[in-house]
K.L.:
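Below is one structure. I have some questions about it.
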Amino acid sequence: MNIVLALALILPAAGFAQMVAVIRPSDPAACREYPIIDDRGGAYDMRCVRIHFLLQTAFGVRAFQISGGPGWITSDRYDIAAKRETSANDIPEKDVSELTDKERQTKGALLRETLQRLLADRFQLRTHRETKQLPIYLLTVASGGSKLESAGSSDVSGGLRPGRGLLAGDRTDVPFLARALSEIVGRPVVDQTGLTGKYNFELKWNPEMGSANTALGETPSVVPAADPDRATIFTALQEQLGLRLSSGKGPVEVIVVDHLARPTEN
């Protein structure tokens with residue numbers, strides 16, 4: 001779906017580049033795919049996104065770290081076209097597979113800043129942060145040693161390919177893997193492996209505890225049946241990657257939604 005940018009909203013600079021944005025309710029018939037945020041040099045094309053997903057992206061947290069807010073933040077979907085002024089920090093256009101770790105971090109920071117401003121101005125978002133002692137998982141190397149395949153020493157950023165009961169990594173570091181696992185198991189996962197390299201891997205399990213698709217903040221419209229021959233995520237992680245998840249408790253930062261309203265008109 002093509003979304004045409006219009007001068008619907010012009011935000012004052014005030015330490016932030018000017019931005020224009022158009023927000024429309026999504027066509028339910030067109031929302032069979034997972035939500036999309038397409039970033040092209042400060043022009044963001046977002047389709048079929050729920051506000052709960054935008055909150056996760058804007059603050060760099062997982063679904064279980066968002067507390068409060070009206071019920072429609074997990075039901076209403078929106079198509080959003082937003083464009084901010086170019087910044088000195090902008091990364092030259094290139095395929096995501098060619099980004100270095102630093103470039104990926106910079107693009108992520110600009111996206112989070114843009115979404116926080118958008119949510120505050122168009123959805124009247126107000127939040128505060130709390131730190132709570134909550135159940136977590138500790139990620140360690142299993143007794144038999146890591147089975148991760150080294151991807152070499154390239155500084156090019158890697159990625160994850162999620163699926164139902166599938167998580168495939170390409171030049172992925174372990175902290176990135178831990179963040180994906182936290183969404184699958186529904187708790188923060190703290191990396192205590194001591195592994196500092198980048199790795200290629202493929203992890204398959206019986207998705208009885210959730211799907212890697214939830215790392216995108218969404219549930220697929222059609223969910224294939226679980227494969228009964230596959231192990232749980234815990235067993236699969238140990239047998240296939242040589243890593244182990246064990247229960248613990250620790251401080252977890254939570255974003256509390258104090259106020260949120262449906263978007264102002266374009």
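Computed from heavy atoms alone, side chains included, the values below leave out hydrogens, waters and symmetry copies.
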K.L.:
Is any side-chain heavy atom of Y137 closer than 4.5 Å to one of S182?
P.N.:
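With C-beta onward as the side chain, the pair stays apart.
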
K.L.:
Just by modelled atom types, is the F53 backbone N or O under 3.5 Å from a matching donor or acceptor in the T57 side chain?
P.N.:
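Yes, T57 side chain to F53 backbone: donor-acceptor pair under 3.5 Å.
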
K.L.:
Report yes if the side chains of D173 and L177 come closer than 4.5 Å at any heavy-atom pair, otherwise no.
P.N.:
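Not in contact.
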
K.L.:
Using a strict 4.0 Å threshold on nitrogen-to-oxygen distance, state whether D170 and R161 make a salt bridge.
P.N.:
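Salt bridge flag = no for R161 with D170.
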
K.L.:
So do Q133 and P251 actually touch side chain to side chain, heavy atoms under 4.5 Å?
P.N.:
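Yes, side chains in contact.
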
K.L.:
Heavy atoms, side chains only, cut-off 4.5 Å: are W205 and T232 in contact?
P.N.:
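In short, these two side chains do not touch, never coming nearer than 4.5 Å.
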
K.L.:
E103 side chain to T100 main-chain N or O, any donor-acceptor pair under 3.5 Å?
P.N.:
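Yes.
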
K.L.:
Might you work through the side-chain hydrogen bond (donor to acceptor under 3.5 Å, both in side chains) test for R171 and Y199, ending with a clear yes or no?
P.N.:
CA-CA 5 Å; R171 302 190 308 276; Y199 305 93; over 6 Å; no

K.L.:
So, for L167 and A180, which heavy atoms are closest and what is the spacing to 0.1 Å?
P.N.:
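L167 and A180 have their closest heavy atoms at CD2-CB, 4.0 Å.
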
K.L.:
Do you know the tightest heavy-atom contact between V257 and L125?
P.N.:
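Of all heavy-atom pairs spanning V257 and L125, the closest is CG1-CD1, 4.1 Å.
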
K.L.:
How close do E253 and Q65 get, heavy atom to heavy atom, and via which atoms?
P.N.:
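Taking E253 first and Q65 second, the nearest heavy atoms are O-NE2, 2.9 Å.
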
K.L.:
Got K147 and F201 here, is their nearest side-chain heavy-atom distance under 4.5 Å?
P.N.:
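Result no, sub-4.5 Å side-chain heavy-atom pair not found.
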
K.L.:
Using a 4.5 Å cut-off on heavy atoms from C-beta on, say whether the side chain of D79 contacts that of V49.
P.N.:
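A side-chain contact under 4.5 Å is absent here.
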
K.L.:
What I want to find out is whether R50 reaches D76 closely enough, with some N-O distance under 4.0 Å, to be called a salt bridge.
P.N.:
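Result for this pair is no, no salt bridge flagged.
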
K.L.:
Are the side chains of V174 and L139 in touch, meaning some heavy atoms are under 4.5 Å apart?
P.N.:
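Yes - at least one pair of side-chain heavy atoms lies under 4.5 Å apart.
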
K.L.:
Hey, which of L237, T193, T140 is the one that makes side-chain contact (heavy atoms from CB on, under 4.5 Å) with R244?
P.N.:
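For R244, the side-chain contact (heavy atoms from CB on, under 4.5 Å) check succeeds only for T140.
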
K.L.:
So which atom in A151 and which in N200 form the shortest heavy-atom distance, rounded to 0.1 Å?
P.N.:
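Closest heavy-atom pair between A151 and N200: CB-OD1, 3.6 Å.
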
K.L.:
Does the side chain of V252 reach to within under 4.5 Å of the side chain of T131, using non-hydrogen atoms?
P.N.:
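Counting from C-beta outward, V252 and T131 never come under 4.5 Å.
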
K.L.:
Determine the minimum heavy-atom distance between R77 and C48, stating which atoms define it.
P.N.:
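It is NH1-O, 3.0 Å.
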
K.L.:
Donor-acceptor pair, Q116 side chain versus A58 backbone, under 3.5 Å?
P.N.:
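Yes, the answer is positive, given that a donor and an acceptor are paired below the 3.5 Å cut-off.
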
